[in-house]
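See structure below.
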Number of protein chains: 2
Amino acid sequence: MTVAEKWVPSVRYRGDHLLILDQQQLPHHTVYLNVTTIEHVWDAISKLKVRGAPAIGIAAAFGLALWSNSEKEIDHALFLNQLQKQRDYLASSRPTAVNLFWALDRVVASAERSASVEEAKKNIEAEALLIQEEDENTCRKIGEYALSLLQDGDAVMTICNAGAIATSKYGTALAPFHLAKEQGWNLSVYANETRPVLQGSRLTAWELQANDIDVTLITDNMAAHTLKTKNIKAVIVGCDRVAANGDTANKIGTFGLALQAKALGIPFYVACPLSTLDLKTTSGEDIPIEERPEEEVTHLNGVRIAPEGIKVFNPAFDVTPAEYISAIITEKGIVSGNYKEALSTLKEEEKH
Amino acid sequence: MTVAEKWVPSVRYRGDHLLILDQQQLPHHTVYLNVTTIEHVWDAISKLKVRGAPAIGIAAAFGLALWSNSEKEIDHALFLNQLQKQRDYLASSRPTAVNLFWALDRVVASAERSASVEEAKKNIEAEALLIQEEDENTCRKIGEYALSLLQDGDAVMTICNAGAIATSKYGTALAPFHLAKEQGWNLSVYANETRPVLQGSRLTAWELQANDIDVTLITDNMAAHTLKTKNIKAVIVGCDRVAANGDTANKIGTFGLALQAKALGIPFYVACPLSTLDLKTTSGEDIPIEERPEEEVTHLNGVRIAPEGIKVFNPAFDVTPAEYISAIITEKGIVSGNYKEALSTLKEEEKH
């Protein structure tokens, strides 16, 4: 990939089909899947072909639009009933990222504001497109707020890929690096490779390298030594679900990174679009943690790298308690301290 | 590998050659390299075919014996002079593990206690064999002391492989698990896979599985979540060099694990043969940290897993400051608190 291609959209809507960037084939191949059915969208989400909380939400919203466009039902009530079933089906593709449910519910609500099937179909498509468009603005604002916490020349660490391809554009945790580049700042980034699926090496290192941002790849267990010896000024991560009290579910490894940053006196920031804030989830204890197939740990590129028959624990996410989070950066501003009150206030503002 | 084969020696001395277990081929193939020259020993250490601080020391000691057995020099002074050069050559194979230098210096000192070349050659061989023999007793005692800190049914976490194949027998950090098995205790072990070279999955998981010990493999970034949710009672690790003040160099990731264990209130133990204690190194700041080739991070089994041209930081070790270590377990007893005084006392005792 060249710099000219740096904005590779994760999802493109084409009315009767979606183009979904197959992130499992990155960084070696930039391939778009031609997705024509809701089952195919479910599969793409479940198999991590599209991943990252905001991008999952966008793909799911367009999944309902694909279904809606091809649906022949002419009774309004029956159409809405079918829509709800499709919503529940797509919601079962992954359990942790709340944007999935948030986006699906926004699309269903838009359809419910219709008086006919025709109007419902229009609303569904418009809402899905709006979700994608809003996400770009959200990411840009998160990037601006995040950048206000950094200085030219800083070194920063991140995990997984909360980048442009995990969102509509810019990313969340990676947004400040892309914006810094636009401003002529030189930030350097240490990317944890993020086993088992290697989103850090395959996606973040690739995305930042493509935008000529100074990025260094490390394995996950090099974080503490790197934090201590490379003058890292901050750790910034994305999130899959933030509970009402600020507890944050994100890619496995985030919690450990937060513990290490705190022990070493380094600020730990969560970049969080308000779509990822789930006030209905009281605390981190209530966030379901997806466990994924053992093969993600025991195999790489189809080749076995661990003993036959070995027992594996493969949680895809962990929960970082709010006490380890220096600040949560949203598109409406930066929150720290009493997360519960501040986050609910921001979410209220968003609705108006 | 079956349980019957559970004691697979890492190094076997045969007078004119060594059999070195090629640990790079584990767990898929149990292959012994037929090593006939000191250059081949250097290569086996440098390329991690034999690894683990005690096993490196043993291999290096036998390396000098191989050289000595084939050496034609008949002048005593010239022989000792040549021996010193061979010692320096083998000492350059890896920089961090102090057992390498400790074992080489023991062998050289034994030769210096001779009056003839013939006697020197005998002493060299005898000293190398003694180092290997003593290591087995050392490991057993470390295992017994370590076991005194655990209870039947405990779950414990470890990183890398401080196991039987990293030593003469039993291992250091893994010794309590092998001894517990002999006693009929049920301990369960969570093994961090230990990127980039995967000693945790390829070696520890394999070694414990072969001895029918309950072992679960996780990736390194799953440590915090596992420590918090799996009722882990202790973390136990090996070491490559312990400084006079207790600061401990060990496999990359150990420092992060110590920070995480401390934050979660879980004891963090270092299993340390006194041969790995280096009183000449005042603190961890004086321990050289080996950086290894980028390909270890960017490739796995020869297949590229990261973007072309990506910058990599690949330190093979890190230093855990003594303040994060709950206790250091040696063959002479368990030390905690004022490491500086206690460790120097133990080292003195060892000499007598």
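Salt-bridge formation is not detected for the pair A:R94/A:D240: no Lys NZ or Arg NE/NH1/NH2 atom is positioned less than 4.0 Å from an Asp or Glu carboxylate oxygen. Ion pair B:R241/B:D247 not flagged as a salt bridge, since none of the NZ, NE, NH1 or NH2 atoms sits closer than 4.0 Å to an Asp/Glu carboxylate oxygen.
Contact of B:I310 with chain A is made through backbone and side chain together, with heavy-atom distances under 4.5 Å. Using a 4.5 Å cut-off between heavy atoms, B:V312 touches chain A through backbone and side chain atoms alike. Heavy atoms closer than 4.5 Å to chain A are found in the backbone of B:F317, but not in its side chain. Only the side chain of B:L198 comes within contact range of chain A, with at least one heavy atom under 4.5 Å from a heavy atom of that chain. Both the backbone and the side chain of A:P307 come within contact range of chain B, with heavy atoms under 4.5 Å apart. Within the 4.5 angstrom heavy-atom criterion, only side-chain atoms of A:L300, from C-beta onward, approach chain B. Contacts of B:N314 with chain A are made by both backbone and side-chain atoms, with heavy-atom separations under 4.5 Å. Proximity to chain A is absent for every atom of B:A223, based on heavy atoms less than 4.5 angstrom apart.
Across B:T254, B:T320, B:I305, the residue that shares the most heavy-atom pairs under 4.5 angstrom with chain A is B:I305. Interface check for chain A: of the options B:I218, B:N192, B:D214, B:D220, the most heavy-atom pairs under 4.5 Å are formed by B:D220. Contact count versus chain A (heavy atoms, under 4.5 Å) is highest, among B:L227, B:T219, B:V303, for B:T219. Most heavy-atom pairs under 4.5 Å with chain A, from the set B:M222, B:E308, B:R202: that is B:M222. Taking chain B as the reference chain and counting heavy-atom pairs below 4.5 Å, the highest number among A:G200, A:S201, A:A258, A:A191 is found for A:S201. When each of B:V319, B:L217, B:D318 is checked for heavy-atom pairs under 4.5 Å with chain A, B:L217 comes out on top. In terms of heavy-atom pairs under 4.5 angstrom with chain A, the leader among B:K262, B:E296, B:K228 is B:K228.
Atom OG1 of B:T204 is separated from atom CD1 of B:I213 by 10.5 Å, given to the nearest 0.5 angstrom. Note that NZ of A:K49 and CD of A:Q24 are 7.5 Å apart. Values are rounded to the nearest 0.5 Å. Going from atom OH of B:Y324 over to atom CZ of B:F255 covers 6.0 Å, rounded to the nearest 0.5 Å.
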side-chain contact (heavy atoms from CB on, under 4.5 Å) assessment of B:K251 paired with B:V237: CA-CA 9 Å; B:K251 177 55 53 200; B:V237 302; over 6 Å; no
Full working for side-chain contact (heavy atoms from CB on, under 4.5 Å) between B:F313 and B:E294: CA-CA 7 Å; B:F313 178 45; B:E294 296 186 353; over 6 Å; no
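Between B:V189 and B:T158 there is a side-chain heavy-atom pair separated by less than 4.5 Å. Contact of the B:E295 side chain with the B:P196 side chain is not registered, since no non-hydrogen atoms from C-beta on lie closer than 4.5 Å. Residues A:F177 and A:S188 form no side-chain contact, since every pair of their non-hydrogen atoms from C-beta on lies 4.5 Å or further apart. Contact annotation: the side chain of B:L203 never approaches that of B:E207 to less than 4.5 Å [non-hydrogen atoms, C-beta and beyond]. Taking the side chain as every heavy atom from C-beta outward, B:W206 and B:I165 approach each other to under 4.5 Å.
In this structure, A:K230 is not positioned above the aromatic face of A:Y190 in the sense of NZ or CZ being under 6.0 Å from the six-membered ring centre and within 45° of the axis.
Within residues 281-292 of chain A, the residues that have a heavy atom under 4.5 Å from a heavy atom of chain B are A:I289, listed by number. Within residues 263-270 of chain B, the residues having any heavy atom under 4.5 Å from a heavy atom of chain A are, by residue number, B:A263, B:L264.
Remark: A:R195 engages B:E193 in a salt bridge (Lys or Arg N to Asp or Glu O under 4.0 Å) (not counting sequence neighbours). Shown here are the side chain to side chain donor-acceptor pair (under 3.5 Å) partners of B:D22, two or more places apart in sequence or in another chain: B:Q25.
Checked by atom type and distance alone, the side chain of A:N221 pairs as donor or acceptor with a backbone atom of B:I252 at under 3.5 Å. For B:N250 (side chain) and B:G238 (main-chain N/O), a donor-acceptor pair under 3.5 Å exists by modelled atom type.
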